[in-house]
**Q** 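Structure below; questions to follow.
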Amino acid sequence: MTTPAPPPPSSAPPSFDPGAEAGRATDAILHDTLHGTHRGVVVDSPPGAGKSTLVVRAARELAAAGRPLMVVAQTNAQVDDLVLRLAEKDPELPVGRLHSSDADPYDKALDALPNVRKSAKAADLAGLDVVVSTAAKWGHVKDVEPWGHAIVDEAYQMRSDALLAVAGLFERALFVGDPGQLDPFAIAEADQWAGLAYDPSASAVTTLLAHNPTLPQHRLPVSWRLPASAAPLVSDAFYPYTPFRSGTGHEDRSLRFAVPSDGSGPDRVIDEAAVSGWGLLELPARHTPRTDPEAVRAVAHVVRRLLDRGGAATSERSPEPAPLTADRIAVGTAHRDQAAAVRGALAALGVVDVTVDTANRLQGREYDVTVVLHPLSGRPDATAFHLETGRLCVLASRHRHACIVVCRAGVESLLDDHPSMDPVRLGVTVKFPDGWEANHAVFARLREHRVPLVAP
Amino acid sequence: MTLIDNLARLEAAASGRARPRATVRHRHLSERPLVLVPLVTAGEAGAPLGALIGTERTSPRLLTVAQPRDRDLRFAFLSQLAEVLLPYVESFADDVEAAERTETDPETGKRVKVETELCADAPQLIVPSRAGVEFVRLLGRSMRFRRTAEQDPDAPYPAPPRVPLLGRWLTHYGERSRVPGSALLLAMTDLLSRHWATGQSSLEEQHLGALLAWIEAPEGTSGEAAALRAELARDADGQLLCPPAGPATDPAFDNDLLAPAIERHDRARSALAAAADGVEADALLASLAAAEREIDALVASRTRPTWDAVWRGLDALCTLPEAPHAVDRWRGDRWSFTGHRDRVAAGEPPQPRVDDAVTAANKLATREREQARLEAQEALDDPLVMAGRRLAGEAFAGVVTDVVMTYSEGRSPRPRPLVTVRTADRPHLDPGVKVYRSLEGKAQSAQFVTYDVEDEGEGEDGRDGGDGGDGGDGRDGAAGRGAGDGGGSLVVLRVLDKMGRGKEPDAGSVPEAGDRLCWTLFEHEQRGGPKLPDPEDTPWTHGGPPQSATTPSGAPAPGESPDPVTAEDVL
């Protein structure tokens with residue numbers, strides 16, 4: 001069970017051995033999964049805590065123990081990624097990839113793997129050690145012998161009704177996910193079920209735990225992705241009762257640029273972020289359309305300068321500094337039209353191969369440096385969408401080295417003008433922290449790394 | 001709120017008159033709708049004060065509750081409501097047509113077609129505002145578990161005979177109204193604001209009088225001023241000139257007119273009860289009748305303007321031709337009505353207080369599917385709605401400039417013509433994204449290949465199946481779009497289907513140069529979701545089978561027992 005614990009100190013004490021801590025947590029999870037008496041095990045994983053590694057390891061151990069396993073992921077990309085990771089770790093493992101009957105239903109890279117069988121029919125994959133597919137596809141599987149075990153990946157992004165459709169396929173399951181990321185949502189009215197344990201629009205884990213409160217709950221205590229500069233903030237702001245630490249210390253990672261700053265706003269914020277891990281490029285306060293041209297240009301300019309200045313990232317992964325290339329940079333936005341506008345601006349500056357996407361699509365991905373267009377930048381109001389905790393959490397936790405936020409001034413007073421006022425419903429567990437609180441916490445930190453963008 | 005809706009609102013605000021949001025009527029309207037204008041009493045949840053109800057514009061029936069706190073009078077009101085509503089509902093039950101329905105054969109487990117009947121038309125209930133829909137739901141909930149003397153001779157306060165049945169129908173209507181695009185129970189304010197944009201906020205549009213003022217404003221006059229008058233203007237006695245559409249009433253009316261009238265009624269009643277002899281009672285009966293008539297007149301004076309407004313709203317809506325797909329959706333409503341008719345006839349118990357896990361999930365799946373279907377159908381039916389989707393990058397229209405015949409690889413090559421479309425729209429296209437066009441009512445799909453300029457749109461595969469998004473994520477091809485060709489961009493598509501079985505495509509199935517086409521990035525028809533388990537097979541993750549589903553016979557248990565009386569219930 002997760003119990004409230006005091007927040008961790010900002011830097012880990014010397015006695016804290018992240019590898020050993022994470023190893024202990026993983027061992028306990030695997031023990032409960034392989035030898036426990038409960039039908040379910042829940043694992044909360046903060047950003048970059050080795051969730052995928054855990055899933056692959058659990059899958060291999062279950063397979064080695066002779067337990068037929070089905071794996072439920074949420075998107076086709078996640079399924080393909082899992083299959084590739086499984087094959088990389090254990091090329092001999094017979095894996096089934098259950099896919100849809102659409103054209104081009106899976107990553108072509110799977111065709112090169114000799115022990116991966118692909119089919120649109122579950123019956124064709126019977127007998128394989130591990131069968132992987134999306135929740136949507138599993139929901140259509142009928143009249144098969146139930147699997148002894150399942151792993152449900154990204155369970156916090158799975159809706160309760162999707163779990164209802166697949167739960168009959170397995171006896172026991174390991175549920176893995178990140179409670180801090182975006183909650184699932186419904187496009188139709190679902191208010192009438194709010195507060196019911198099986199509210200179909202709630203997350204799968206919420207329903208599971210409401211009905212099975214005694215299930216063992218574990219969490220992974222160490223984020224290997226987030227640097228020492230980011231883990232305390234993300235932990236405090238988004239996981240106040242389930243803190244985690246970074247697996248690396250301040251001295252393990254560094255980001256340096258060969259070309260010195262030209263003194264402009266973008267260069268100064270890059271330098272600030274290289275040193276401190278955070279940077280806030282602040283534009284003058286103004287109400288703007290969603291695709292604020294100035295902010296979009298500023299984002300593109302920061303990316304251009306990141307590439308031009310010959311960045312090199314040193315980390316525990318390699319002794320030599322690795323060049324900061326376009327594929328190690330991502331831009332995150334709240335809306336897809338903003339992403340489109342940023343892509344356009346980047347193309348105009350000749351930048352290609354930098355990932356630009358919305359928070360929803362950046363979930364689960366990792367980069368060295370991220371540039372974020374703040375969801376509240378230039379807005380006259382703060383809606384529930386823009387305040388959603390998970391959205392900010394995703395945007396602020398994709399980086400291994402530094403995160404640069406581009407924003408109009410005045411977000412704090414905007415927040416103060418729009419306190420969160422979601423209706424309180426009977427029976428609904430209030431989620432902490434709320435987006436308002438989390439936004440304030442993040443902004444309080446970002447303010448310390450503010451660089452104003454002065455008009456050229 | 002889409003860009004084009006914002007534009008319509010801005011134009012409305014600037015001109016002072018409503019602007020159209022649709023060129024066709026997107027909801028089916030019955031030829032004989034039942035209009036219900038209810039009023040409630042302040043201070044007690046769901047205590048009806050009265051209603052105007054009927055199918056004839058000129059002769060509504062007025063129902064009032066002279067003392068809304070009197071449960072006997074309330075039952076009398078509900079009984080009268082049932083007298084009007086149930087015959088109307090039942091008048092549609094017997095006119096049926098033959099239809100087919102796919103069912104799962106219990107023996108073979110296969111999907112088979114079953115001959116069944118479908119009501120040719122369905123009763124349609126129209127209330128003034130969304131609060132009226134809520135009130136219908138509340139009335140239904142308050143009535144459907146009541147027991148009549150016939151059902152339960154020991155019930156201390158038996159309900160009048162047809163009241164529980166009315167509660168079941170109102171519950172069904174209230175529940176159906178949550179399905180997007182359904183038309184069994186409609187709020188006039190929703191109907192009007194679907195078809196016209198005004199310069200008001202969506203909250204203000206719940207005022208039927210104000211909304212109509214914007215829409216009905218003649219050329220050269222200000223609907224905005226008329227709406228302000230409808231909302232705020234009061235007579236010399238401080239009463240609103242246009243009473244609110246309800247069900248809540250204006251406090252000034254409650255305090256100054258209604259409360260004194262109810263008090264006079266109460267006094268007359270207690271005097272009658274205390275009457276010494278028949279002669280005195282006769283006189284007092286007359287004064288009670290006078291007090292009742294006074295309340296009737298008050299209720300009529302507050303509901304009649306709304307009644308007229310609802311019918312004027314129907315007039316306005318009927319100036320628009322019905323959208324082709326609205327008929328399809330109405331067929332769904334007819335199925336819904338027929339299904340409930342059958343459940344009532346089969347003697348099934350009333351709808352449960354809360355849905356079980358499987359029912360809730362099924363309902364949500366239906367609503368989401370209908371929502372997506374509604375959005376697609378409205379766009380296909382209405383160029384103005386499609387324009388909004390095009391502005392949002394979810395569709396594009398253009399002229400075919402070139403068609404090159406190509407074939408798929410494999411043993412039996414299939415036609416896969418490459419069609420180039422010149423469009424001034426800016427759709428969010430990635431390589432491999434599927435687009436659809438309507439071909440004789442069916443959706444023909446094509447795959448985006450490239451922009452026909454020197455550089456291609458950069459992007460990744462767009463195959464994420466269960467991916468959610470902030471209102472639909474997607475990528476935009478703006479980065480790869482050739483800049484500088486002022487006439488828009490050239491989109492190359494590969495047509496994938498609906499070309500017949502042969503090597504050569506069927507005549508008319510492939511676009512030709514010069515055709516003007518509209519392609520959408522959204523699908524025209526919705527796929528069914530996964531089949532959920534039966535309630536008695538609810539898995540352990542969702543609490544296992546519900547109690548009522550585990551009775552040995554498989555029949556649902558009768559209604560739940562009432563909550564126990566606690567100390568807090570008696571003050």
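FYI, side chains are in, hydrogens and waters are out, and symmetry mates aren't considered; it's all heavy atoms of this structure. Chain letters run A, B, ... following the sequence lines, proteins first and then strands; every chain starts at 1.
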**Q** Heavy-atom cut-off 4.5 Å, strictly under: side chain, backbone, both or neither for A:L196 against chain B?
**A** side chain

**Q** To the nearest 0.5 Å, how far apart are OG1 in B:T541 and CG in A:L209?
**A** 11.0 Å

**Q** Tell me whether A:R304 at atom CZ has more than 12 heavy atoms from other residues, nucleotides or ligands lying less than 6.0 Å away.
**A** yes

**Q** Do B:R527 and A:D102 meet the salt-bridge criterion of a basic N to acidic O distance under 4.0 Å?
**A**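 Yes, charged N to carboxylate O under 4.0 Å.
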
**Q** A:A167 versus chain B, heavy atoms under 4.5 Å apart: side chain, backbone, both or neither?
**A** both

**Q** Are more than 12 heavy atoms, taken from residues, nucleotides or ligands other than A:D111, located less than 6.0 Å from that residue's CG atom?
**A**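 Yes - once you tally the heavy atoms of other residues, nucleotides and ligands closer than 6.0 Å, there are more than 12.
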
**Q** Would you mind checking if A:R336 and B:E394 are paired as a salt bridge, meaning a charged N to carboxylate O distance below 4.0 Å?
**A** yes

**Q** Checking heavy atoms, do the side chain of A:S201, its backbone, both or neither come under 4.5 Å from chain B?
**A** both

**Q** Please test B:L364 against A:D161 for side chain to side chain contact (heavy atoms under 4.5 Å, CB included), starting from the C-alpha separation and ending with a verdict.
**A** CA-CA 9 Å; B:L364 181 59; A:D161 52 356; 3.9 Å; yes

**Q** Mind running side-chain hydrogen bond (donor to acceptor under 3.5 Å, both in side chains) on B:E175 and A:Q192 for me, showing each step along the way?
**A** CA-CA 10 Å; B:E175 202 60 13; A:Q192 74 189 104; 2.9 Å; yes

**Q** Could you check which of A:A197, A:G40, A:A186, A:G168 has the highest count of heavy-atom pairs closer than 4.5 Å to chain B?
**A** A:A186

**Q** Look at B:A365, B:P180, B:A361 and state which one has the largest set of heavy-atom pairs under 4.5 Å with chain A.
**A** B:A361

**Q** Given heavy-atom pairs under 4.5 angstrom as the criterion, report whether the side chain, backbone, both or neither of A:A165 touches chain B.
**A** both

**Q** Examine whether an atom of B:V179 lies under 4.5 Å from a heavy atom of chain A, and if so say whether it belongs to the side chain, the backbone or both; otherwise answer neither.
**A** neither

**Q** Should the heavy atoms of other residues, nucleotides or ligands under 6.0 Å from CZ of B:R141 be counted, would the total exceed 12?
**A** no

**Q** Does any N or O in the side chain of B:E368 come within less than 3.5 Å of the main-chain N or O of A:I187, such that one atom is a donor and the other an acceptor?
**A** yes

**Q** Is it true that B:W540 and A:N212 share a donor-acceptor pair across their side chains at a distance under 3.5 Å?
**A**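 Per modelled atom types, A:N212 and B:W540 side chains form no pair under 3.5 Å.
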
**Q** Side chain, backbone, both or neither: which part of A:K142 has an atom under 4.5 Å from a heavy atom of chain B?
**A** side chain

**Q** Is A:E154 close to chain B through its backbone or its side chain, or both, or neither, when contacts mean heavy atoms under 4.5 Å?
**A** neither

**Q** Would you check if A:L164 and B:V358 make a side-chain contact, meaning some heavy-atom pair closer than 4.5 Å?
**A**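 Side chain of A:L164 against side chain of B:V358, heavy atoms only: contact under 4.5 Å found.
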
**Q** I'd like to know if the side chain of A:T207 pairs up with that of B:H542 as donor and acceptor (distance under 3.5 Å, no hydrogens or angles considered).
**A**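 The answer is no; no qualifying pair exists.
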
